[in-house]
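Working notes for the structure below.
Proteins come first, then strands; the chains are lettered A, B, ... in the order of their sequence lines, and each starts at number 1.
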2 protein chains.
Amino acid sequence: MAELTPVMKNFILHWGEMGSSWGINRTAAQIYAMLYLSPEAMTAEEICETLSLARSTVSTGLHELLGWGVIRILHVLGDRRDHYESMHDIWEMFRIILEERKRREVDPTLTMLRENVSEPSGREELDPYVEERLLEMLEFFEIINALYKQFEQMPTETYKKAVRMGDNLTKVMSLIAQN
Amino acid sequence: MAELTPVMKNFILHWGEMGSSWGINRTAAQIYAMLYLSPEAMTAEEICETLSLARSTVSTGLHELLGWGVIRILHVLGDRRDHYESMHDIWEMFRIILEERKRREVDPTLTMLRENVSEPSGREELDPYVEERLLEMLEFFEIINALYKQFEQMPTETYKKAVRMGDNLTKVMSLIAQN
DNA sequence: CGTTTATTTCGGTAAAATCCGAAATATCCG
DNA sequence: CGGATATTTCGGATTTTACCGAAATAAACG
């Protein structure tokens with residue numbers, strides 16, 4: 001793994017760029033990408049060398065990825081160092097990222113909307129139009145929230161298969177919608 | 001609209017913060033939030049005053065929002081200035097944001113994966129393990145891509161209703177999955 | 001046209017995020 | 001405990017991004 005082929009470099013660099021629009025910082029995303037391609041778990045030191053990053057940067061990045069829950073620490077007998085490996089099942093990873101996004105994007109907004117709609121601070125009277133818009137958005141977020149929850153509790157295999165046959169999704173949805 | 005109530009301020013500030021994790025910059029997100037709450041379309045000048053932003057910043061922000069397609073320009077008879085209003089239907093907006101995310105996050109990755117898997121640059125031999133991982137990810141992104149497309153072509157009313165009854169989604173999915 | 005008004009572009013500054021290297025801390029072993 | 005190795009924390013430097021104000025451009029009007 002010390003040597004990166006051009007294809008691997010492409011992949012890692014691209015992933016780094018993508019990470020930015022995903023709210024993961026570039027180096028963390030690169031680390032993730034490399035672990036994803038690596039057949040074996042890697043030590044922080046190895047990651048440093050391969051990606052030419054400072055040891056501290058790698059430490060921070062790994063920490064962030066652990067926070068996302070998309071990598072794991074492994075321990076090897078007779079080796080004091082931590083070994084890191086990426087989550088193998090990409091679908092499981094997808095689910096984790098969804099949940100994390102919900103936690104970061106949906107939950108705080110939901111809280112804020114609920115607070116402001118139900119009990120406007122300082123007992124001010126709420127402009128009817130504003131209230132209407134807030135309620136509409138609240139309703140929307142409640143629904144999204146419920147959707148997320150559905151996904152959470154769905155077994156991986158279920159939504160995997162369901163999503164795979166996306167071709168028929170429209171039809172199914174239409175049927176449901178007629179209800 | 002010149003005066004912002006505390007609730008409005010909360011909403012706008014929160015939206016600004018959220019924008020950051022959404023890849024929209026803070027001021028643009030704030031502008032959007034204000035337009036969302038505004039019963040009437042607003043001019044750039046009014047936005048400046050209400051949010052205490054520089055005219056140029058507002059111009060840039062509006063441009064960005066136009067790029068996302070979540071606001072519109074209106075013209076008023078006898079007024080040379082552009083008036084801006086937010087998209088009213090939050091569901092339609094949701095769809096637009098989905099599409100935009102796909103364009104920014106999914107499409108480039110898909111392109112990159114296809115290129116690297118099918119024709120590794122310079123005719124290098126591809127490590128079998130790496131190829132396997134790339135293929136797995138490619139397959140995943142193809143499916144997500146197909147899913148997005150399904151949503152795109154679905155009439156707003158359809159997915160609105162479908163999503164609304166999320167409670168039953170698990171069951172439906174399970175049924176589909178058994179197929 | 002020239003003038004006024006609206007909008008965008010642009011250079012520079014301010015703020016924020018990223019990353020490094022050194023120091024501190026923690027962990028393990030003899 | 002003392003020394004060696006692993007990991008984290010921290011201050012500062014670098015890079016990136018956001019924002020402002022001035023200047024340039026565009027559009028409308030008389």
- [ ] Would you mind checking if A:E105 and B:R101 are paired as a salt bridge, meaning a charged N to carboxylate O distance below 4.0 Å?
- [x] yes

Task: Under 3.5 Å donor-acceptor pair, B:R80 side-chain atoms to D:dA27 base atoms - done: yes

Task: Candidate nucleotides C:dA6, C:dT8, D:dA6, ranked by approach to the side chain of A:R81 - the nearest - done: D:dA6

- [ ] Would you mind classifying the nucleic acid contact of A:S52 as base, sugar-phosphate or nothing, using non-hydrogen atoms under 4.0 angstrom?
- [x] sugar-phosphate

- [ ] From the options D:dT7, C:dT7, D:dA18, select the nucleotide whose nearest atom is closest to the side chain of A:R55.
- [x] D:dT7

TODO: Just compare C:dG21, D:dC20, D:dT8 and give me whichever is closest to any side-chain atom of B:L53.
DONE: D:dC20

Open item on the list: Check the phosphate of C:dA22 against A:S56, side-chain N and O only, distance under 4.0 Å to OP1 or OP2. Yes or no?
Closed with: no

- [ ] May I have the distance from A:W22 (atom CH2) to C:dA17 (atom C1'), rounded to whole angstrom?
- [x] 21 Å

- [ ] Would you please name every residue forming a side-chain hydrogen bond (donor to acceptor under 3.5 Å, both in side chains) with A:R80, sequence neighbours left out?
- [x] none

TODO: Please figure out whether A:R26 or A:D79 has its closest DNA chain D nucleotide nearer the 5' end.
DONE: A:D79

- [ ] Could you tell me whether the side chains of B:D79 and B:H83 share a donor-acceptor contact shorter than 3.5 Å?
- [x] yes

Open item on the list: Check whether A:Y84 forms a cation-pi arrangement with A:R72 (NZ or CZ under 6.0 Å from the six-membered ring centre, at most 45° off the ring normal).
Closed with: no

Task: Nearest listed nucleotide, side chain of A:S59, among D:dT9, D:dA22, D:dT8 - done: D:dT8

TODO: Whole angstrom is fine here: how far is it from CG in A:L65 over to P in D:dT8?
DONE: 13 Å

Open item on the list: So if I take every side-chain heavy atom of B:N25 and compare against C:dG21, C:dT9, D:dA18, which nucleotide ends up nearest?
Closed with: D:dA18

Task: Selected nucleotide, minimal atom distance to A:T57 side chain, candidates C:dT7, C:dC19, D:dT8 - done: C:dC19

